[in-house]
**Q** 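Just passing along the structure, written as structure tokens.
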Amino acid sequence: NGGEYDSKEARDHIERKYGHTKSFADSTEQFIEYTATESSLSGSPYRVRCQGREMLSARWLLDELAEYRANHRVDSENQ
């Protein structure tokens, strides 16, 4: 809703929202869609600023999830 928050404040906010959505978020992708994409009050999309780039939080989270899964898969295959 136009405000800027540091990473801790943003995490705390999303964590509180997750408390209300976890009963119908069956996957990480659904968590992102239902909890971490937009303001439930205004419908305004959340944005992330990281390493000088700004993007929609949904895109950033999905990219990070894909990277995590790719790295985790590689680690599991090497054991």
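All values below come from the heavy atoms of this structure, side chains included, with hydrogens, waters and symmetry mates left out.
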**Q** Nearest 0.5 Å, what's the CD-CD distance between E38 and E33?
**A** 9.0 Å
**Q** Test question: given the 4.5 Å side-chain rule for I, L, V, M, F, W and Y, name all other residues clustered with L56, or answer none.
**A** none
**Q** Please determine if R16 and D12 form a salt bridge, counting it only when a charged side-chain N lies under 4.0 Å from a carboxylate O.
**A** no
**Q** Are E29 and L65 close enough that some pair of their side-chain heavy atoms sits under 4.5 Å apart?
**A** yes
**Q** About how many Å separate OH of Y34 and NZ of K17, when rounded to the nearest 0.5 Å?
**A** 13.0 Å
**Q** Would you sort out whether F31 and D26 count as a side-chain contact (heavy atoms from CB on, under 4.5 Å), showing the intermediate values?
**A** CA-CA 7 Å; F31 161 76; D26 296 326; over 6 Å; no
**Q** Going through the distances and angles, do L62 and R59 end up as a side-chain contact (heavy atoms from CB on, under 4.5 Å)?
**A** CA-CA 5 Å; L62 291 170; R59 176 77 275 139; 3.6 Å; yes
**Q** Identify whether M55 and I14 are in the same connected component of the hydrophobic contact network (ILVMFWY, side-chain heavy atoms under 4.5 Å).
**A** yes
**Q** Among all residues two or more places apart in sequence or in another chain, which pass the salt bridge (Lys or Arg N to Asp or Glu O under 4.0 Å) test with E9?
**A** none
**Q** From R49 CZ over to D6 CG, what is the distance, rounded to the nearest 0.5 angstrom?
**A** 12.5 Å
**Q** Under a 4.5 Å cut-off applied to non-hydrogen side-chain atoms, are H13 and Y46 in contact?
**A** yes
**Q** Taking R47's backbone N and O only, do any of them form a donor-acceptor pair with S57's side chain (distance below 3.5 Å, no angle check)?
**A** no
**Q** Are Y68 and V48 connected in the hydrophobic side-chain network, where two residues link if heavy atoms are under 4.5 Å apart?
**A** no
**Q** Give a yes or no on this: more than 12 heavy atoms of other residues, nucleotides or ligands lie within 6.0 Å of atom CD of E4.
**A** no
**Q** Are more than 12 heavy atoms, taken from residues, nucleotides or ligands other than R11, located less than 6.0 Å from that residue's CZ atom?
**A** no
**Q** Going from OG1 on T28 to CG on L61, what distance comes out if it is rounded to the nearest 0.5 angstrom?
**A** 10.5 Å
**Q** Test your reading of the model: is there a side-chain donor-acceptor pair from S39 to the backbone of S44, 3.5 Å cut-off?
**A** no
